[in-house]
Amino acid sequence: MSVWTMSAFGNLSPQVLYTVAMKKSWKTKLIHGDSHAPEGFRSLVTPTYRGSTVLFPDAESVTDQWDQHRVGYTYGLYGTPTTLELAARVCELEDGEHTIITAGGQGAISLIQLSLLNAGDHILIPENIYGPNRKLAYSVLKRFGVEVTVYPPLIGAGIAELIKDNTRLVWCESPGSLTMEVQDVPAIAKAAHARGALVVLDNTWSSGIFFRAFDHGVDVEMQALTKYVAGHSDVLLGAITIRDRAIYEKLGNTYQVLGCAPSPDDCQLALRGMKTLGVRLAQIGSSALRVAQWLAARPEIETVLHPALPSCPGHEFWERDFTGSAGLFSIVFKSGPTKQQVQAFVNALELFEIGYSWGGVASLAVNYDLSHAKGRSEYGHRIVRLYIGLEEPEELIADLEQALGKI
Ligand SMILES: Cc1ncc(COP(=O)(O)O)c(C=O)c1O
């Protein structure tokens, strides 16, 4: 039932009542109404504050500064209370000092690189980096005069040999995309810091939870909130978390001029998703492990690239540094099936949908051909990435079993 009663005037100040007496036309009243809902509503839900224009109390207060924590609200582009509430929650979760929310995980990646690199600088990126991130390095960064070197993800302390005087960033992604190598991030951070380079980590796989980035020497942490935090495949958001104020200011100054603000509606959905992140991650993690272990025992499978299994490259670093595992892993077929047969396996799956992105409630499968991927070509067309959602794991196993029978 929705009821409006004039008794709500009881809440209005004498000044507003005076304005009512000004006899506005109906057209003006459409913009400057005098009757309002009663105040004092409290609920468990963060409201969706939308707004481009932010109202200032007087002419002297007008400013266009982006750091609204310091100067108060100035413009919707720099975050409404919904956006900043999400930033605060992510920041707490990741144990940072400052968090910036972006419109998508890739937006977080590009904001970091465009903020922290200048022409003439050098960045090191791992071979198994998220595809669009590699593309950013080779298409945009190189065009702006940034030197890019690709390194093997398991290089560890050996990264020291690749660091040059102009190396500003060492990018880590652990576990890496598709082939899931777990990196020795502390060893990389030690070598990078010895030469004055910053370490950035794409911590999306662990949702910022299972790997405490700042405890392991990372300077800038990002994750795609699109995945586990939002958790329902209906939102694109990213987060960058830092402890250092000077880095935060570089990011904030660039964010302001790039102008890529997230939608407060999406932030509200992410805040809602965050409340169930704990139970979802626990279920997804245990189901994924159960399915991965079943697959590891199948005669068709050469290896299962799941960080919590010893067969995964870098598993020892997962065991040392991580406190849990999530839902994304890959399988590699033994030599034999053609690319078409691997595709037939994916097509035969009934519960697993075919699609990019992950972290939602539905299980997904995507096959890849890495025949031309540097450092990973041995996997060829035999690799399939699986994401395990919230379905009953025994039914997912039955689905995989029937699909394996099709190749
Ligand atoms: C490891 C990793 N980082 C970043 C991203 C980018 O996130 P978004 O899809 O929100 O742009 C993805 C997306 O798949 C990802 O897998």
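Whatever order the structure lists them in is the order used to number ligands and atoms, beginning at 1. Note that the structure is predicted; figures quoted are calculated from it, not measured.
With 3.5 Å as the limit, one finds a donor-acceptor pair spanning the side chains of Q402 and K406. Side-chain contact of E85 with T46: a donor-acceptor pair under 3.5 Å is absent, judged by distance alone.
Ring geometry, H98 versus Y248: the interplanar angle falls under 30°, so the pair is classed parallel (tilted spans 30 to 60°).
Ring to ring, Y75 and W66 are not that close: their centroids are 6.0 angstrom or more apart.
For ligand 1, the protein residues placed under 4.0 Å by at least one non-hydrogen atom are G104, G105, Q106, I109, Y130, E173, D202, T204, A224, T226, K227, L236, W358.
With respect to R195 and D165, a salt bridge is recorded, a charged nitrogen being found less than 4.0 Å from a carboxylate O.
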Please lay out, stage by stage, how L201 and H216 fare under the test side-chain contact (heavy atoms from CB on, under 4.5 Å).
CA-CA 10 Å; L201 173 69; H216 291 94; over 6 Å; no

